[in-house]
Undergrad: 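Got a structure for you, questions after.
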Amino acid sequence: MRDVSEVWKSSRLGSVGAKLYDSVIEKESLAVPLSRVIFGTDLRKVYAAMDVVCDVPNGTSILDVPCGGGVTMRRLRRDQHLRYVAADISPVMLDRARKVAAESGVSAEFVEADVVNMPFSDREFDLIVCFNGLHCLPDPGAAIAEMARCLRPGGRLISSFVARGAVRRADAYAATLRAAGVFGPSGTNADARTWLSSAGLVVEKFESSGAFVVFEARSSY
Ligand SMILES: C[S@@+](CC[C@H](N)C(=O)[O-])C[C@H]1O[C@@H](n2cnc3c(N)ncnc32)[C@H](O)[C@@H]1O
């Protein structure tokens with residue numbers, strides 16, 4: 001089986017899929033009905049969770065990983081004074097996110113990194129957002145442990161992902177994407193709770209909508 005992180009990183013293999021995916025997710029009017037059909041999901045819940053980045057006090061440090069083409073960053077306002085770090089393994093996605101920041105006039109730092117080995121200090125961020133990425137990784141539990149390392153005590157991780165075992169047609173679609181090398185193994189809802197507790201994160205919200213889960217967890221360290 002192909003290494004899913006290498007596929008996303010590769011400009012040759014990853015860029016076509018990355019651009020295709022991003023051009024859908026950035027258009028809510030297209031992504032919402034599509035995800036209802038494929039995943040049985042109300043994707044508006046995921047977009048609503050992304051709005052957290054425009055609802056935090058000035059001075060907040062936010063890590064958006066994997067940032068993809070900047071769909072969460074699109075929510076930032078120019079009058080916010082935050083430290084916003086956007087990290088992804090794909091140079092193609094980072095370029096798209098840079099364009100989003102430039103067009104909307106918001107400032108952000110861009111970092112090419114693997115989510116399981118990030119160049120950040122322990123406890124560096126107040127908030128980490130990880131939307132639609134855990135199912136694209138080879139080891140989501142290891143990614144959550146690395147994010148937990150980068151969260152300050154009491155800091156929050158807010159995330160959404162496609163869980164296994166919730167919607168049969170979504171499982172079939174995910175299997176196709178796994179075979180294509182763009183989805184990793186993901187996990188069930190129970191697996192996700194184990195990833196979080198093993199990383200020292202306390203679940204504050206865990207909501208399923210079709211195959212998608214939106215969760216919020218807080219660092220207990
Ligand atoms: C489905 S996209 C989601 C991105 C974005 N958060 C969103 O909601 O659109 C998955 C992203 O994960 C990134 N990715 C895959 N493996 C990664 C890894 N090991 N480390 C960091 N980013 C990774 C891909 O490059 C891609 O941008």
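First listed ligand is number 1; within each ligand, the first listed atom is number 1. Bear in mind that the values here come from a model prediction, so they are computed numbers and not experimental data.
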Undergrad: Would you kindly say whether Asn189 and Ser208 are connected by a side-chain donor-acceptor distance under 3.5 Å?
TA: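 On atom types as modelled, these side chains qualify, holding a pair under 3.5 Å.
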Undergrad: I need the minimum non-hydrogen distance between Tyr84 and Ser107, along with the two atoms involved.
TA: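 Scanning both residues, the minimum pair turns out to be CB-O, 4.0 Å.
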Undergrad: Could you go through the ring pair (Phe, Tyr, Trp, His ring centres under 6.0 Å) check for Phe39 and Tyr173 one step at a time?
TA: CA-CA 8 Å; Phe39 297 108; Tyr173 183 67; 5.6 Å; yes
Undergrad: Is the shortest side-chain N to carboxylate O distance from Lys45 to Glu28 below 4.0 Å?
TA: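 Result for this pair is no, no salt bridge flagged.
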Undergrad: With a 4.0 Å cut-off on N to O distance, would you call Arg98 and Asp95 a salt bridge?
TA: yes
Undergrad: When you look for protein heavy atoms under 4.0 Å from ligand 1, which residues do they belong to?
TA: Ser5, Trp8, Tyr21, Ile25, Met50, Pro66, Cys67, Gly68, Val71, Asp88, Ile89, Ser90, Met93, Ala113, Asp114, Val115, Phe131, Asn132, Cys136, Leu137
Undergrad: What I want to find out is whether Glu124 reaches Arg152 closely enough, with some N-O distance under 4.0 Å, to be called a salt bridge.
TA: no
